[in-house]
Every structure is written in C-alpha cells, then in structure tokens.
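Quick notes on the structure that follows.
All of these numbers come straight from a predicted model, not from anything done at the bench. In what follows, residues are counted from 1 in the order of the sequence shown.
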Amino acid sequence: MKNKLKYFLAALVLLSFVLINKSTVRAATTIYDNETGTQDGYDYELWKDSGTTSMTLNSGGTFSCQWSDINNALFRKGKKFDCTQTYQQIGDISINYGVDYQPSGNSYLCAYGWCKDPLVEYYIVESWGTWRPPGATSKGQITVDGGTYDVYETTRVDQPSIEGNTTFKQYWSVRTSEKTSGTISVTDHFKAWENLGMEMGNIYEVALNVEGYQSSGYANVYKNEISIGSSSSSDSSSQSSDSSSSSSSSNGTVIECENMTLSGSYAGKISSPFSGVALYENNDSVSTTQYFAYDTHDFTLRGASSSSSNMAQVDLYIGGEKKGTFYYGDNYTADYTIENVSHGTGSQEIKLVVSADDGNWDAYIDSLTISSSDSSSSTSTQTGTTTSNKLVALTFDDGPSSTTSDVLDVLEDYDVKATFFLIGQQVNSSTMSIMQRQVSMGCELASHSYTHQDMSQMSATEIKNEMEWTRSAIKNTVDYDISFFRPPYLSTSNTMYENIDYPFIQGITCNDWVDSTSASERTSTVLNNVSDGTIVLLHDFQGNSETVQALPGIIEGLKAQGYTFVTVSELFAQKGVNPNVEYKIWSKVG
C-alpha cells in the first residue's frame with residue numbers, strides 16, 4: 001500500500017479538499033474460520049461447517065464476506081443478549097441496512113437470530129440467491145415496512161444450534177419481492193409471529209446475516225445500524241384528516257390507495273397483485289388530503305408495472321406542485337421512496353398521477369407511506385425538482401470502445417460526470433480521442449486491469465504487471481494519473497490487496513452485462529437501490545446499447561430524487577472519507 005496515499009492526495013490537491021491522514025485509518029480485520037467476538041459495539045460471528053470463507057470486519061456494523069465451495073456458512077454482525085429478557089422487555093428492535101449482495105447459488109440476506117424457551121432460530125429474509133426459502137407452506141402474509149412477507153414455521157431435527165445438535169423450530173418471514181437496502185422493523189415481525197401462534201422466548205441474538213448454502217458468493221454490508229430499546233410511536237409530525245383512508249404505524253402514516261379519491265378516464269380499483277388501484281392512462285390519478293405539522297417528509301409508494309419489461313412512472317404532487325416521480329420497472333411489487341420532500345404545512349392535497357404512458361403498460365399502486373425525514377438532510381423544492389446534498393457516482397467498466405462515445409453523448413447532454421474503469425489493452429491510439437474527451441468533460445479514469453482476467457488466481461508478479469501496464473498505458477496516452485481500481489468480475493484475493501496500491505471499488509449493479517436485461521429493468525434497478533453515497537456500476541463495452549438507452553432514465557430519475565453526480569474521487573473528498581482502507585472494497589461512501 002506504499003503508493004496509495006500518494007496517488008489519492010495528488011488527486012485531492014486538484015479538487016482542493018483535505019482528507020484525514022492515512023495513519024489514522026486502521027486496517028480492517030479479516031477472519032477466515034469459525035470465530036465470534038465484539039468490534040465497535042457489535043457482536044460478530046463467522047460460522048461454517050466446511051469450505052472457503054473470509055469475513056472482513058469494517059467499522060460499526062459493516063462487514064464484507066466471501067464464500068466458495070461451502071456446505072453452509074453464516075456471516076453476521078449484530079447484538080447478543082443473555083437470554084433473560086423477552087423482546088417486549090428489550091424494547092423495539094430495528095435494523096437500517098444496505099448491502100451489495102452478489103450470491104451465486106443458494107443464499108439468504110436476512111435479519112437473523114435465536115431465542116430460548118422455546119428454542120427458535122428465526123429469519124427475516126430480504127433477498128436471496130437462486131432459491132427462495134424455506135420451501136414450506138405459508139402460514140399467511142404480513143405487511144411490515146411497506147413490504148409483504150410470507151410467514152413460515154419449519155422444524156429442524158437433530159441439527160446444529162446454540163445449544164448443540166438438537167431439535168428446534170425455525171420461524172421465517174420472507175419478502176415477496178427482494179430488497180437489499182432499507183429498514184427491517186424486527187419487533188413488528190416478532191409481534192406478527194406471536195399473533196399467528198408462533199411463540200417467542202427470551203432473546204439470544206439479533207443480527208444482520210448473510211448465509212450461503214452449497215454455493216459461492218460475495219456481499220458488502222456497507223450499512224448495518226441496529227436500534228434497540230426505542231419506544232414505538234407513530235409519526236407525530238403528520239396526521240390524517242380522513243380517518244378512513246390512513247392508519248398510523250411505527251414507520252409513519254400509511255394511506256391505502258383504494259381509499260383515496262379516483263380520477264381519470266380509466267382509473268379503477270384492483271384486487272391483484274394487491275388490493276389497490278390501477279392507473280391505466282396518462283392523467284389517471286388518486287388523491288387525498290393530509291394535514292402536516294412539519295414541512296419535510298419521506299414518501300414511499302408501494303406499486304408495480306403491469307409489464308415485465310416496461311417502466312411505470314407515477315408523479316407525486318403536493319399542494320399542486322410536482323415533487324418527484326416513483327418508478328417501477330417490472331410487474332414485481334416494490335417500494336420506491338422519494339426522500340426529504342419539502343412541502344407546505346397544514347392541510348395539503350396529495351395526488352398520484354400516472355405519466356409517460358405509451359400504451360404498453362399500466363401502473364398498479366397499493367399504499368403510500370409518509371414518514372419523518374432524516375433531519376440531517378438539507379433539502380428544498382424548486383420548479384418540481386427536489387434538490388439536496390445527496391451524492392452518487394456513476395461508473396462504467398470495460399472501455400474504451402465506440403459505446404463509450406455513446407455514453408459520453410448522454411452524459412454531455414445532461415452535464416453529468418462519471419468515472420470510467422478502463423481495460424489497459426484497449427487503451428491505444430485508436431481510442432485516444434475517446435479518452436481525451438472523457439478527460440475534457442471532467443470525467444475520471446481508473447484501472448480495470450490490463451487483460452480483464454480473474455486476478456484472484458494470479459501471482460503477485462502477474463498482478464503487479466496488470467496494474468503497471470494499465471497505469472502506464474493510460475499515462476502515456478492521455479497523461480492521466482489513475483487513483484482507483486475495480487477488479488475484473490469483482491473477484492479479489494489477499495494477494496491482490498497486498499500488491500495493488502489503489503483503493504478497490506465495487507458498486508451496486510443492475511445486471512447490465514446480461515443481454516436479456518432490458519433498458520427499463522436496468523433503470524428501475526438502479527433507481528430503486530441508490531442511496532446517498534452510492535457508487536453505481538455500469539458497463540460501456542462494445543455494443544452495450546441497452547445501458548446507453550437506460551442512462552437518460554437513470555440520470556433523470558436520480559436528479560428528480562435530488563442527487564448530484566460526482567466522480568469517485570469527488571465522492572470520497574466531499575464525504576470526507578479516506579478510501580485507503582486495507583482489505584476493503586467500496587460500494588458506498590459515507
């Protein structure tokens with residue numbers, strides 16, 4: 001790592017930002033075998049029965065993990081208790097999380113833990129790999145945090161547990177649509193289970209868990225904040241003036257769309273895929289009146305598109321002013337949030353209006369949740385667009401190519417900068433003009449290796465050659481010094497970390513390297529998973545036209561949510577975060 005700080009500080013001089021000194025950053029700890037412990041106030045555990053695993057313990061509740069050729073492995077950080085209190089005695093438990101989750105095979109991303117008397121292992125599954133657990137008959141459905149979950153109860157006979165091999169129950173809540181960031185109101189699941197006759201005992205553990213079963217995979221838990229002991233209360237800053245159309249919960253005020261006033265030629269109530277409203281044509285709408293004591297809230301609309309491949313768009317109006325747009329990329333139910341919306345106080349009309357209908361899809365909407373905004377965010381509304389200090393970095397792999405020129409055309413039209421991770425052997429005199437244009441537009445250049453081979457299988461010498469050849473190719477072609485590296489196939493090894501003097505960058509993905517992923521699916525995946533500080537991983541390889549087509553929708557959607565586009569260097573600098581952390585790969589900053 002001897003040159004890493006030098007490269008980054010050089011970039012920061014150009015940006016006029018001052019970062020913390022590298023000497024203040026402690027290297028993350030990586031463990032490889034079964035181990036428990038406590039770090040930064042969080043209890044952690046790596047448990048496996050066989051196979052290759054690694055777990056890097058980052059600050060707070062964050063961690064990353066990798067597994068391959070395992071039978072079963074669990075990676076988690078959370079809070080362990082002494083089994084003397086019920087969840088009612090402990091108080092409300094919730095997890096605010098964000099994960100770049102890349103399973104290959106059978107895997108679960110979940111809130112996880114145990115209780116005793118009775119002995120129960122429980123799962124609240126937010127996302128999964130190739131198989132949706134647990135393969136049993138649902139006991140019913142519950143709605144928590146704006147999402148629908150199937151509830152299951154299964155029995156494990158003579159299997160490993162916190163009391164050794166024994167027989168015990170498993171309780172499951174499994175989302176009907178996958179999600180990799182947001183809030184898990186753990187206590188609400190406990191209450192719902194007990195209402196279904198599933199008894200909870202004294203709590204042993206609550207954790208955010210990544211589990212793999214007979215599979216391989218990678219996950220970067222970039223956010224894991226566990227709140228314990230807070231009291232449950234509704235959103236005191238907003239109350240309904242129409243008691244028949246809304247209800248209060250610990251997550252805010254929930255307004256069922258079928259109880260709102262319908263307007264338009266074709267708007268109508270539906271019973272599938274949920275009890276809600278279908279908006280069939282432009283200007284079809286639903287509306288209600290809401291009383292606000294404060295002027296800033298988050299708005300979450302649960303909905304879907306009628307089409308599996310076309311995007312539905314629903315505009316949010318408050319007091320007659322457009323505040324943003326909810327996007328739904330397919331016919332799977334999803335929650336879309338517009339954060340930190342500024343609006344008038346007192347009684348205000350809320351209106352949801354379908355827009356951009358091209359005759360190929362309809363918007364299905366279920367419920368609108370109004371909740372308190374993060375008071376640390378500074379926002380205002382101007383001409384219908386929410387503006388804030390939220391940052392996002394668009395990045396592109398596998399160029400330069402002719403597709404890069406198409407990407408640059410879109411970026412230039414929207415006055416947006418991005419970071420391009422280049423393949424060294426594609427840097428030559430024929431692509432020089434493309435790279436010169438990237439630099440002149442204020443974009444950033446970075447390394448994606450020289451040959452785009454799996455570097456985790458290379459020797460130290462081979463790794464150093466890949467990096468030096470790419471660095472010198474870019475430097476000699478456009479006189480540009482790179483500062484970051486993205487590993488091919490997002491595959492890493494300790495040998496790579498020990499021999500590459502640049503911060504490792506990953507990012508959230510939208511499967512845009514797969515031909516069958518439509519432009520609208522790429523757009524909706526990005527828009528539904530970005531949060532402040534996110535790095536978005538896209539591709540500009542030759543012929544990747546679907547990503548070029550998706551890019552305007554991605555940019556417009558993120559701008560509507562109040563995001564500012566920055567390069568990766570600017571993202572770290574403006575967040576005041578030093579990227580030079582040993583054995584870490586970044587998907588989000590701050």
### Task
Apply the test side-chain contact (heavy atoms from CB on, under 4.5 Å) to residues H448 and H452: give CA-CA distance (whole Å), side-chain angles for both, the deciding distance (0.1 Å), then the verdict.
CA-CA 7 Å; H448 194 38; H452 200 273; 3.1 Å; yes
### Query
After noting the C-alpha distance and the side-chain angles of E45 and R76, does the key distance pass the salt bridge (charged side-chain N to carboxylate O under 4.0 Å, His left out) rule?
CA-CA 6 Å; E45 182 165 355; R76 59 194 190 266; 2.9 Å; yes
### Chi angles and distances behind the side-chain contact (heavy atoms from CB on, under 4.5 Å) call for L571, I535
CA-CA 9 Å; L571 181 61; I535 299 167; 3.7 Å; yes
### Message
Pair L46, D33 - check side-chain contact (heavy atoms from CB on, under 4.5 Å), show working.
### Response
CA-CA 7 Å; L46 187 166; D33 296 302; 5.8 Å; no
### Query
Would K79 and E205 satisfy salt bridge (charged side-chain N to carboxylate O under 4.0 Å, His left out), going step by step from the backbone distance to the final call?
CA-CA 6 Å; K79 176 65 175 177; E205 177 185 16; over 6 Å; no
#### Entry: Candidate pair T337 and T300, rule side-chain hydrogen bond (donor to acceptor under 3.5 Å, both in side chains), full reasoning
CA-CA 4 Å; T337 300; T300 300; 2.7 Å; yes
### Task
Determine, stepwise, if the pair F572 / F484 fulfils ring-ring contact (aromatic ring centres under 6.0 Å, His included).
CA-CA 11 Å; F572 280 101; F484 295 97; 5.6 Å; yes
### Message
Using side-chain hydrogen bond (donor to acceptor under 3.5 Å, both in side chains), reason through D100 and S587 one step at a time and then give a plain yes or no.
### Response
CA-CA 7 Å; D100 184 11; S587 285; 2.9 Å; yes
### Task
Using the side-chain hydrogen bond (donor to acceptor under 3.5 Å, both in side chains) rule, take Y101 and S107 through it: C-alpha gap first, then chi angles, then the decisive distance, then the call.
CA-CA 10 Å; Y101 179 53; S107 174; 2.7 Å; yes
### Stepwise side-chain contact (heavy atoms from CB on, under 4.5 Å) test for V125 and L109
CA-CA 6 Å; V125 181; L109 168 63; over 6 Å; no
### Pair D532-K575, salt bridge (charged side-chain N to carboxylate O under 4.0 Å, His left out): steps then yes or no
CA-CA 10 Å; D532 183 24; K575 289 296 185 183; 2.6 Å; yes
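Put simply, the side chain of M467 does not reach to within 4.5 Å of the side chain of Y450, judged on heavy atoms. Under the 4.5 Å side-chain criterion, counting only non-hydrogen atoms from C-beta, T148 is in contact with R302. For the pair L119/S161, a side-chain contact is recorded, criterion being any heavy-atom separation below 4.5 Å from C-beta on. Annotation: side chain of R156 is not in contact with side chain of T167 (no heavy-atom distance under 4.5 Å). Proximity of I338 to F326: side-chain heavy atoms (C-beta onward) are separated by under 4.5 Å at one or more points. Looking only at side-chain heavy atoms (C-beta outward), K77 and L57 come within less than 4.5 Å of each other. Here the side chains of N96 and K223 are in contact, with some heavy-atom distance below 4.5 Å. Side-chain contact between R132 and V174: present, with at least one pair of heavy atoms (C-beta onward) separated by less than 4.5 Å.
Judged by a 6.0 Å distance limit and a 45° cone about the ring axis, R486 is positioned over the six-membered ring of F421. In this structure, K588 fails the cation-pi test against W586, since its NZ or CZ atom is not both closer than 6.0 Å to the six-membered ring centre and inside 45 degrees of the ring normal.
For the residue pair N494 and Y32, a side-chain donor N or O sits within less than 3.5 Å of a side-chain acceptor on the partner. Under the 3.5 Å distance criterion, with hydrogens and angles disregarded, no donor-acceptor pair is assigned to the side chains of Q561 and Y327. When only modelled atom types and interatomic distance are considered, N72 and D49 share no side-chain donor-acceptor pair under 3.5 Å. Checking T56 against T30 by side-chain atom types alone, a donor-acceptor pair falls below 3.5 Å. There is a side-chain donor-acceptor pair under 3.5 Å between Q88 and T86. Using modelled atom types and a 3.5 Å distance limit, the side chains of E126 and T180 yield no donor-acceptor pair. Inspection of the S216 and S68 side chains reveals no N or O donor paired with an N or O acceptor under 3.5 Å. A donor-acceptor contact closer than 3.5 angstrom is absent between the side chains of D40 and S59. Checked by atom type, the side-chain pair S518/E521 shows a donor-acceptor distance below 3.5 Å. No side-chain donor-acceptor contact under 3.5 Å links E546 and T517.
Residues H539 and T547 approach most closely at O-CG2, 3.7 Å, considering heavy atoms. Residue T395 comes nearest to V536 through the heavy atom pair OG1-O, 2.7 Å, listed as atom of the first residue, atom of the second, then distance. Across I585 and T492, no two heavy atoms sit closer than the pair CD1-CG2, 4.3 Å. Smallest separation of non-hydrogen atoms from S215 and I70: O-CG1, 3.4 Å. For the pair P160 and N165, the tightest heavy-atom approach, listed with the atom from each and the gap, is CA-OD1, 3.3 Å. Looking at every heavy atom in both residues, V151 comes nearest to M198 through CG1-SD, 3.7 Å.
Atom CG of D515 has 12 or fewer heavy atoms from other residues, nucleotides or ligands within 6.0 Å. Within 6.0 Å of the CG atom in D69, the count of heavy atoms belonging to other residues, nucleotides or ligands does not exceed 12.
A donor-acceptor pair under 3.5 Å is absent between the side-chain atoms of D398 and the main chain of F541, judged by distance alone. Judged by distance alone, the side chain of N528 and the main-chain N or O of S524 form a donor-acceptor pair under 3.5 Å. No side-chain donor-acceptor contact under 3.5 Å links T53 to the backbone of W67. At distances below 3.5 Å, at least one donor-acceptor pair connects side-chain atoms of E178 with backbone N or O atoms of W128. A donor-acceptor distance shorter than 3.5 angstrom exists from the side chain of Q159 to the backbone of V157, with no hydrogens or angles considered. In this structure a side-chain-to-backbone donor-acceptor pair under 3.5 Å is present from D145 to S185. Put simply, the side chain of N580 never gets that close to the backbone of P503: no donor and acceptor are under 3.5 Å apart. Side chain of N499 to backbone of I463: no donor-acceptor contact under 3.5 angstrom is found.
With sequence neighbours excluded, no residue forms a side-chain hydrogen bond (donor to acceptor under 3.5 Å, both in side chains) with T461.
Within the structure, the ring-ring contact (aromatic ring centres under 6.0 Å, His included) test picks out the following pairs touching residues 135-187 (sequence neighbours left out): Y108-W172, W114-F168, Y123-W172, Y149-H189, Y171-W193.
A distance of 9.5 Å separates CZ of F190 from OG of S173, quoted to the nearest 0.5 Å.
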